[in-house]
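Numbers here are sequence positions counted from 1.
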Amino acid sequence: MNGTAAAQKAAARTMLKSIVYPVAAASIVEDGKMIACGLGVIERGHVGLYDIYVDASCRRRGLGADI
């Protein structure tokens with residue numbers, strides 16, 4: 001969703017594959033279109049939130065906080 005360039009996608013895949021802790025992904029779909037998403041990594045009783053993305057046309061509605 002964030003428009004990652006093709007050259008960066010390989011690096012992103014490698015980074016994601018190297019995560020050894022449990023992960024969770026969440027998304028918000030509106031009218032059949034994913035408008036927000038995010039990744040959580042659970043480590044030592046805490047969740048780190050990464051790559052929270054909200055479609056530009058849907059920002060300023062608090063969706064990033066809802067994920």
Result of checking S27, S57, C58 against I35 for side chain to side chain contact (heavy atoms under 4.5 Å, CB included) | C58

For I52 and G38, the nearest pair of non-hydrogen atoms, with its separation, is CD1-CA, 3.6 Å

Distance-only criterion, 3.5 Å: show the donor-acceptor pairs between side-chain atoms of residues 12-20 and protein atoms not counting sequence neighbours.
| from | atom 1 | to | atom 2 | distance (Å) |
| --- | --- | --- | --- | --- |
| T14 | OG1 | A10 | O | 3.1 |
| S18 | OG | M15 | O | 2.7 |

Work out which heavy atom in L49 is nearest to a heavy atom in G40; give both atom names and the distance.
-> CD2-CA, 4.3 Å

Of all residues at least two apart in sequence or in a different chain, which pass the side-chain hydrogen bond (donor to acceptor under 3.5 Å, both in side chains) check with Y21?
-> E43

Considering only heavy atoms from C-beta outward, does the side chain of D55 approach that of K33 to under 4.5 Å?
-> yes

